[in-house]
Amino acid sequence: MRYIPNSAEEREAMLLEMGRKSVADLFCGIPDRLKLNRLLDLPLALSETETLNFFRDLAERNATRHTGERMVSFLGAGAYDHFIPTVIDTLISRSEFYTSYTPYQPEISQGTLQAIFEFQTMICELTGMEVSNASLYDGSTATAEAVLMADRVTNRPKVALAGNLHPEYRQVVDTYIRNAGIDEITLPFDEKTGALKLDALNSLDSDVAAVVIQSPNFFGGVEDLRAISEAAHRIGALFAVVVTEGLSLGLLQAPGHAEADIVCGEAQSFGIPMSFGGSYCGFFATTEKLMRQIPGRLVGRTSDAEGRAGYTLTLATREQHIRREKATSNICTNQGLYALMATIYLSIMGRSGLREVAELNMRKAHYAAKRIAAVGDYRLRFDAPFFNEFVVSCPKPSEVILSRLADKKIIGGLPLSRFFPEMKNEILMCVTETTTKAEIDSLVEALK
Amino acid sequence: MRYIPNSAEEREAMLLEMGRKSVADLFCGIPDRLKLNRLLDLPLALSETETLNFFRDLAERNATRHTGERMVSFLGAGAYDHFIPTVIDTLISRSEFYTSYTPYQPEISQGTLQAIFEFQTMICELTGMEVSNASLYDGSTATAEAVLMADRVTNRPKVALAGNLHPEYRQVVDTYIRNAGIDEITLPFDEKTGALKLDALNSLDSDVAAVVIQSPNFFGGVEDLRAISEAAHRIGALFAVVVTEGLSLGLLQAPGHAEADIVCGEAQSFGIPMSFGGSYCGFFATTEKLMRQIPGRLVGRTSDAEGRAGYTLTLATREQHIRREKATSNICTNQGLYALMATIYLSIMGRSGLREVAELNMRKAHYAAKRIAAVGDYRLRFDAPFFNEFVVSCPKPSEVILSRLADKKIIGGLPLSRFFPEMKNEILMCVTETTTKAEIDSLVEALK
Amino acid sequence: MIKKASVHVNQNEGLIFERSRPGRVGYKLPALDVEAAPVDLLIDPKLLRDDDLAGLPEVSEVDVVRHFTRISTWNYAVDYGMYPLGSCTMKYNPKLNERVARLEGFASSHPYTPDHLAQGNLELLMELEDALAEITGLPAVSLQPAAGAQGEMTGLMVIRKCLEARGDARKLALIPDSAHGTNPASAAVCGYKVKTIKSSANGAIDIENLRRAVNGDVAVLMLTNPSTLGMFEENIEEVCRIVHDAGGMVYMDGANMNALVGVTRPGDMGVDVIHLNLHKTFSTPHGGGGPGAGPIAVTKELEPFLPFPRVVETDDNGRRVLRLDYDRPQSIGRVRAFCGNFSVLVRALCYILTLGPEGLREATETAVLNANYIAHRLKDTYDIAFDGQPMHEVILNDKRQQKFGVHTLDIAKRLIDYGFHPMTIYFPLVAPGAMMIEPTESEGREELDLFIDAMKSIATEAEQNPELVKSAPHNTRIGRLDEAAAARKPVLRWKHTAAASSANNGE
Amino acid sequence: MIKKASVHVNQNEGLIFERSRPGRVGYKLPALDVEAAPVDLLIDPKLLRDDDLAGLPEVSEVDVVRHFTRISTWNYAVDYGMYPLGSCTMKYNPKLNERVARLEGFASSHPYTPDHLAQGNLELLMELEDALAEITGLPAVSLQPAAGAQGEMTGLMVIRKCLEARGDARKLALIPDSAHGTNPASAAVCGYKVKTIKSSANGAIDIENLRRAVNGDVAVLMLTNPSTLGMFEENIEEVCRIVHDAGGMVYMDGANMNALVGVTRPGDMGVDVIHLNLHKTFSTPHGGGGPGAGPIAVTKELEPFLPFPRVVETDDNGRRVLRLDYDRPQSIGRVRAFCGNFSVLVRALCYILTLGPEGLREATETAVLNANYIAHRLKDTYDIAFDGQPMHEVILNDKRQQKFGVHTLDIAKRLIDYGFHPMTIYFPLVAPGAMMIEPTESEGREELDLFIDAMKSIATEAEQNPELVKSAPHNTRIGRLDEAAAARKPVLRWKHTAAASSANNGE
Ligand SMILES: Cc1ncc(COP(=O)(O)O)c(C=O)c1O
Ligand SMILES: Cc1ncc(COP(=O)(O)O)c(C=O)c1O
């Protein structure tokens, strides 16, 4: 087996030196009746070429721009098709990054540590917050962690969740808090704008630990963070903002500048491939005041005896390996390498690139929305300001429309009936900088 | 421009510090009338995505197994479709290897130097020779260098070249020696075997500097090295063996063991992609006696003042940067990174793998030859023993057959009429370990 | 005598922010091909950023490549050498896995691609589920959990939901004192009260203790097998019986499955749920902290409670078509968005298909052999923490070295000078001064010998020159860091100050 | 004060052969799917190997990955930092080029693919030829030559063939004493006798010398522009005129084109042939010694003599189809098999399309600016070898440092401790103790400043502590090597001996 250096011959020699007769000896701790005594019923080892071909064939059975049916897609809804600079893959492919462990030994892990410190800084900059952790699994679990943290911080029994929060994020929150004794309140959204109803917020009680909202919301609409923030703070609740489309932060107000207490979400838009939904990279930022309640790892700056600066994991007393059941989270392995991807992306794009790409998204999405709304019986379902996603109401059930588009090699978007049964004619569409005008125009043609 | 760190602003500041008004100042050495004074007439800069798509489109217009018409190919003739272990690309993609220069400063180039030393060793092992250089451009130029070296060593006016040497190699030799005052003799091959006629060798005079032959020869046939060697040495000529299919050395006699004086050729089969003919990697090996006449770079082992072993470029007095017009060759930049690829390949395959893959080639090729020869009016043109290539005589002109095969998504091989006008019905076919039985069988079907 | 390493010149590098210069750019985007509507006409300016992103760097592509290449060289890596972190299974990460995971058809595939246009992905998920079911001997697998800890949480929730369905959710999770910290932490997320049970002298589950602890309140026993001490729970069947008899369930932390794959199966032992760390046992890279994947395998009884969606086979006019099934009324719900850490799952399946049943067994056997070889060769130099037959890892301690004032931490740091990454230290907590060494099957004998030599040499140094060891490492670009200061006055992000910009440039 | 670098632990590693152990394997091939005919029935055993390949290693994939990863860390690289080798143009190698060159449709394409099935490749070649023609101002381009030296040889052969066609091949190649060694060596391959012409005091071509040297025997003048001293040949037009008037031709070594692209064109100067080093000016990687590519661009008159095949456009019923044309009766012939270093050509075109005309000019300007900045900042510390306006590189010498016994070689070696690769030294030969510094456009000001600081600091050290400089480098895994011993008793390959197997393990 090519991944195992020691040959059968060498293994024999080692056993001999150890005074053991056979390798079976070493498994003497396992009762015989538990031994499998047969080979696993799995396919026999493939050659390298066969393995590669096996996966090539599978990959070719997926429709993307360049594989399978070769389709143009207008899907978004928490996973976005953005330009990914080539250098990201080049750099994360350095084995110093991807074949190393969590940086528990700082003297030979400064590469990873410094990169995380940079990630934390960038997340703070983007969100307008003071403290960021080193990543969480994804945007949905980051949201669940936000709720759990709010509960710890405030000790209040309820949490108010936006009705236009990504439905899968909501499902994850449901799962995570089910056994935590927290009650959920769903904040309704306005039928016309798709944005949260501010008056519903004003009727919340002071037993609410947090008001958790998403902006741009699941329908693509930009929420009025400042107004919601005030409403939340008025009742002493934490204000938590979820961001599923990180690129929107290239243009939209930093939630921290609207006094958010927690800003969390998904960093996939920052150079991470869509990969059928994972691996992605959850981020989580908060205030200095709440720093010690943050879930997950933190990297801090310090120095050695000679005064040379260095980075190290810190405030570990929040974590499970020290605090066990009292930890701020059970997370251990996080999404380190993908936080690095986001860090590289944000370095490459930087101050001007992030704005430029955000503008491309917004302008192209608005062009598309305008053109679609001008077609026959199609219209935009909501009229809130939006970034790169919008909901189209179709003259027929969305499945009918989508399958018609599919015939023209277009994946038209997400049928909202999947999550909102009443929206049976509605499609959530996303347009990014990777969508060309020609593609938008052909979508418009196909809709006609 | 993203590859240029200094921004316009910084450039201004630097000019200021230098007391220069503008960058144009620095070009004052160029007479104004020679200045272009317009932009080059080239396409405006593309974005990263556009560039990638441009090349993707081009690449998709080439027929390979996975692109374009998606064709199975039986082409060989100096470029071979072999299995390439994934780790090769992983390792040569380390920027320490590919973004470094020729290792003139050994203290910070030991990685490159040690790898070349390993390459030299492996080439010696494979060829059965004592000294190998660090690579030449490709097999054809290595062959030309062999002729030039033989001329230097023997001071004789003629060189005898096998008539079944790769025709493009022969063309390159023609070009290289055209101005060197060397006369060429073509050694005829046997009409029946395709191998060299030994009696023709026996009639050579002692004004011949070298007998240069290829094995397996261009028709795939294995030559009787020992017999040719004796004939060459009898007249005091050097015996030079060219190898275009390196994998054959996994099974076939090492030319050095048949007293070859020079063994050179192409290392493409050792893990180097076909890439439309380049970059490849020429190799060149000889005896210790002739060491100081070898063209190209050599790496040797030595040590530092504290006795630590290290590697360095050596015997540089043969080379152009020292000896100028008296150098053993004009080569400077060689194929370093591709020599590294070959070194990694030979490490991965190693002793047993090289033999195993060679056997796969030979057995599959023989299976294919047997099956094809059993079809109607097809037959094997030559009856010499062969490795993985053979010549098929078709019942019709090769273009007719090949275009029929092309309709079935098969590139059937090389029409020999291209180089040997008399062989108008002949196709040179190659079968490697990457060709499956099913593919061979479908070729056989398609020939019917 | 340090054989494995030397010192060599190494680039300094500040933070990426310190490379920032106004006007530098690292990207080139396509030109806008639709109308250039002014942004503030598209959206109310009060919803826009007010800070112009001034905190993000302005750097060229060259800056970025140099920056990350340089800092990468400060890391140790599996591709450099042995990385003997116990419990972490730092095995070789095959390059073929990396290539396969990057295939366009996977990497560019949107998670909401309609099922019939994503059959390749679904097929892959199903193949991997089947393989893991066979390996664990437990019939139903969920690939959703993003890492081991999430696997634990998910598995416990599945148990809890099942117990609720039986009519009694119960309150307690029993967890041995030797368990990994994620075990109690995950139990807590699940709403269980944690009750710690003391291990026996050799680190195994103490059957008598267990009997006393088990009662009608106990929902689950979480155990690790081999235990975190690296030894097989000989009484595993009885342990399961005791818990089951009392109406509870057994959760197995599968972090140590590298000792068992192909040799014995948790399902056959009586375990109800196990999580696997694909980033340990199944060779997917640790990535400097993730991502991993922590699939769980469960009994038939527990299957209905697994998170949704599940991949299911359907028949479309005789053609097998896979789809994602969201309609799972008994499910615990969703534990993350979309379908798990798909890119990790691709790699794990690639590993399994590459090794095949024989290779998987060979890996297990070699991993156990390598650990035992180290134990054998070091037992005269260091104390072995627990009696018994080690499996894939062995725990030494610093008892003999303490008398020279040298502790586990010092030995670990000194290993760095010898060219090794240290072993896991001070875990498990039940083994004072633990040095937990897991070589995995990826080490050849010569690397093991170098490690053994290094450990022996350090033991000698501890005796003859303890200061050398206590002040290690000496050959790294920075020495031991003041971690207390880091926690006391946390600096968790960069801010532009004069001080910051000159730091870490080696000045 | 060394700011740019520190020392850090670094892995030792022997030769791959020393890792070899019987029975280790690093590959897995598909099973034989045809009959397993015994090899010695397929072929006469006397034609088979008799040594069982015993000299090749037996190693696992892990061994191979560790081995090459470790030794890679002993190299300096452009991705680490400034690599100021004069004449080598060590610019940044864009990662996009690397990706594009690996696209399956290029990488897996056989050179004998019928033209109509390889239109993508042919299109690419034609686009690149067109771009290089525009850049050089010379209408016809051959992409065949594998590197600069082969470009020289090819270009000279083209000239010779043309002169022969004119009826007079002539005998002499005039080459300035400042020329790169490949120039005379290539002329020699071409059958020309080399006549060296002495440069003027500032390193330019001495017009009077030239006039005297030029006569009816002179086939070609080979010059480099900017000269190897980094300065533009101000009299280039006159030089060309003198040579042309005498019936000769002018060959320009284009190694220094990074100073000119987009600013001035050799074709406009009167040059007949130029080669370009794509691995210099056009950003393709040097690869630790190659591969490169050395296309030549020539005048209309010379076009018929270019090597075959040539890419030509044909019309297939109104559809543009490209094909390779082998029927070139006046051609010098073939200079290598197949179509050039195609994978390098892909990268070069990618670079040109990425930069566009403005980017190319910006690169040139910045390269020249950076070199001048260095010259300006170091001129008070080191002697500048020649008067005049430097372009993309500047040559210093060790005149001032010699009085402390410190020489160019010492300064170069000491730069290594400062975290830099040395500059080119002792070239060109006309500049005694030359230190030739070419920063390229890829360096930002802060890296230039670090370099300048390092050079100044070394100058101070040379004065105050010359021994430190003369014994440098101190921070590398090995010190200066005994190169004389290497040449005296050459060891050019590994042989299995007891001595060999323990060496280079740091012992
Ligand atoms: C025994 C044990 N259990 C659980 C875990 C947690 O797994 P993960 O880090 O994947 O969440 C670990 C990993 O560190 C472990 O070693
Ligand atoms: C001035 C000059 N001419 C010619 C060459 C030779 O080019 P190559 O190494 O590509 O053969 C070089 C490169 O070293 C050079 O610097």
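Naming convention: chains lettered A, B, ... in sequence-line order (proteins, then strands); numbering from 1 in each chain. These figures come from a predicted structure and were not determined experimentally.
Residues satisfying the side chain to side chain donor-acceptor pair (under 3.5 Å) criterion with C:Arg99, sequence neighbours excluded, are B:Thr86. For A:Thr314, there are no side chain to side chain donor-acceptor pair (under 3.5 Å) partners, not counting sequence neighbours.
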- Message: Under the criterion side chain to side chain donor-acceptor pair (under 3.5 Å), I'd like the reasoning laid out for A:Gln335 against C:Asn341: C-alpha separation, chi angles, the key distance, then a yes or no.
- Response: CA-CA 10 Å; A:Gln335 304 285 118; C:Asn341 277 351; 3.3 Å; yes
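Heavy atoms closer than 4.5 Å to chain C are found nowhere in A:Pro85, neither backbone nor side chain. With a 4.5 angstrom heavy-atom cutoff, A:Thr67 touches chain C only via side-chain atoms. Interface residue C:Val39: backbone and side-chain heavy atoms are both found under 4.5 Å from chain A. Using a 4.5 Å cut-off between heavy atoms, C:Glu443 touches chain A through its backbone atoms (N, CA, C, O) alone. In this structure, the portions of A:Leu26 lying under 4.5 Å from any heavy atom of chain C include both its backbone and its side chain. Heavy atoms closer than 4.5 Å to chain A are found nowhere in C:Phe427, neither backbone nor side chain. With a threshold of 4.5 angstrom between heavy atoms, A:Tyr169 approaches chain C through side-chain atoms but not through N, CA, C or O. Neither the backbone nor the side chain of A:Arg323 comes within less than 4.5 Å of any heavy atom of chain C. Both the backbone and the side chain of A:Asn334 come within contact range of chain C, judged by heavy atoms closer than 4.5 Å. Residue C:Pro57 touches chain A through both its backbone and its side chain, counting heavy-atom pairs closer than 4.5 Å. For chain C, the nearby part of A:Ala305 is the backbone; its heavy atoms alone come within less than 4.5 Å. Neither the backbone nor the side chain of A:Ser135 comes within contact range of chain C; no heavy atoms are under 4.5 Å apart. Contact of A:Glu17 with chain C is made through backbone and side chain together, with heavy-atom distances under 4.5 Å. Of the two parts of A:Ser140, only the side chain, counted from C-beta on, holds a non-hydrogen atom closer than 4.5 Å to a non-hydrogen atom of chain C. Both the backbone and the side chain of C:Tyr112 come within contact range of chain A, each with at least one heavy atom under 4.5 Å from a heavy atom of that chain. Interface remark: A:Ser303 contributes backbone atoms only to the contact with chain C (heavy atom separation under 4.5 Å).
From A:Glu118, atom CD reaches atom CD of A:Gln120 across 10.5 Å, with rounding to the nearest 0.5 Å. With rounding to the nearest 0.5 angstrom, the CD atom of A:Glu107 is 8.5 Å from the OG1 atom of A:Thr312.
A distance below 6.0 Å separates the ring centres of C:Tyr76 and C:Tyr83.
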